[in-house]
Amino acid sequence: MSQAKKSVAIVNASAPFSAANAKDSLDVALIFGSYEQAISLYFQGDGVYQLIAKQQPEFIQQKDFLKTLAALKFYDIENIYVCQHSLTQRGLANDFSIENVAVLDRAEFSISLHQHQSILRF
């Protein structure tokens, strides 16, 4: 008897250096990935700032944990989605620090997110 593989969505809604939420969500994603759990990452609200390229956290004396985003592909975490509405609200372009990020409108974002069995929000 085989069990269906459950999928997990991690929603990132916090700016990268405002609290520990962003780093915690990335750590959780990598742990799930190391156990070959089907996982998708979603970025909305201030969470879209986590994907913006060329950040300089050393100016606010923070460690650049966002470099770890480049490791996602080694953990087979390939489903990465960002909310177009959140980008537009913040005047951000689709210039991300990692490749293969799918930009979804609000309806597509919601439909995609709710296809997962578990949703963790950071």
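Being a predicted model, the structure only gives us computed values, none of them experimental.
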Item to check | Close side-chain approach of P57 to K63, heavy-atom, < 4.5 Å | outcome: no
Checklist outcome for this item: Of all heavy-atom pairs linking L113 and I119, the shortest is O-CD1, 3.8 Å
Item to check | Whether H114 side chain and I111 backbone form a donor-acceptor pair below 3.5 Å | outcome: no
Item to check | Minimum-distance pair of heavy atoms, taken over all atoms of A22 and A15 | outcome: CB-O, 4.1 Å
Checklist entry - Do I77 and F122 belong together in a cluster built from hydrophobic side chains that touch within less than 4.5 Å? => result yes
Next on the checklist: Is there a path of hydrophobic side-chain contacts, each under 4.5 Å between heavy atoms of I/L/V/M/F/W/Y residues, joining I10 to V103?
Outcome noted: yes
Checklist entry - How long is the span from the CG atom in L69 to the CD atom in E99, to the nearest 0.5 Å? => result 13.0 Å
Item to check | Worked verdict on F17 versus F65 for ring-ring contact (aromatic ring centres under 6.0 Å, His included) | outcome: CA-CA 9 Å; F17 303 106; F65 68 91; 5.4 Å; yes
Checklist entry - Can a salt bridge be assigned to the pair D46 and R90 using a cut-off of 4.0 Å between side-chain N and carboxylate O? => result yes
Checklist entry - Would you say V48 and F109 are hydrophobically clustered, going by side-chain heavy atoms of ILVMFWY under 4.5 Å? => result no
Next on the checklist: Taking G47's backbone N and O only, do any of them form a donor-acceptor pair with N12's side chain (distance below 3.5 Å, no angle check)?
Outcome noted: no
Item to check | Considering all heavy atoms, the nearest Q117-S7 contact | outcome: OE1-N, 2.7 Å
Next on the checklist: For R121 and Q44: C-alpha separation, side-chain torsions, deciding distance, then whether side chain to side chain donor-acceptor pair (under 3.5 Å) applies.
Outcome noted: CA-CA 11 Å; R121 187 173 184 83; Q44 70 176 161; 3.0 Å; yes
Checklist entry - Hey, are the side chains of F74 and L30 touching, using non-hydrogen atoms and a 4.5 Å cut-off? => result no
Checklist entry - Which distance, rounded to the nearest 0.5 Å, do you find between the CZ of F43 and the CD1 of I80? => result 6.5 Å
Checklist entry - With no hydrogens and no angle check, do the side chains of Y42 and S112 hold a donor and an acceptor under 3.5 Å apart? => result yes
Checklist outcome for this item: dist N21:CG -> L26:CG (nearest 0.5 Å) comes out at 12.5 Å
Next on the checklist: Tell me the closest heavy-atom pair linking Y75 and S34, and the distance in Å.
Outcome noted: CD2-N, 3.7 Å
Checklist entry - What's the shortest heavy-atom distance between I98 and A70, and which atoms? => result CG2-N, 4.1 Å
Checklist entry - Rounded to the nearest 0.5 Å, how far apart are CD of Q89 and SG of C83? => result 7.5 Å
Checklist entry - Just how far is it from atom CG of L51 to atom CG of L66, taken to the nearest 0.5 Å? => result 8.5 Å
Checklist entry - Got a sec, which residues hit side chain to side chain donor-acceptor pair (under 3.5 Å) with E78, two or more places apart in sequence or on another chain? => result none
Checklist entry - Could you state the interatomic distance from OG (S97) to CD1 (I52), rounded to the nearest 0.5 Å? => result 8.0 Å
Item to check | Under the side chain to side chain donor-acceptor pair (under 3.5 Å) test, residues paired with S86 that sit two or more places apart | outcome: none
Item to check | F96 reachable from Y81 in the ILVMFWY side-chain graph, under 4.5 Å edges | outcome: no
Checklist outcome for this item: Sorted by chain and residue number, the side chain to side chain donor-acceptor pair (under 3.5 Å) partners of N94 (sequence neighbours excluded) come out as none
Checklist entry - Where the side chain of Q84 meets the backbone of R106, is there a donor-acceptor pair that is under 3.5 Å apart? => result no
Next on the checklist: With heavy-atom distances below 4.5 Å as the criterion, would you say the side chains of L104 and V82 are in contact?
Outcome noted: no
Next on the checklist: Which heavy atom of L41 sits nearest to which heavy atom of A29, and what is that distance?
Outcome noted: CD2-CB, 3.8 Å
Next on the checklist: If you count every heavy atom of other residues, nucleotides or ligands that lies below 6.0 Å from Q61 atom CD, does the total exceed 12?
Outcome noted: no
Checklist entry - Can you list the steps and then say if H116 with K6 is a side-chain contact (heavy atoms from CB on, under 4.5 Å)? => result CA-CA 8 Å; H116 295 77; K6 292 187 175 184; over 6 Å; no
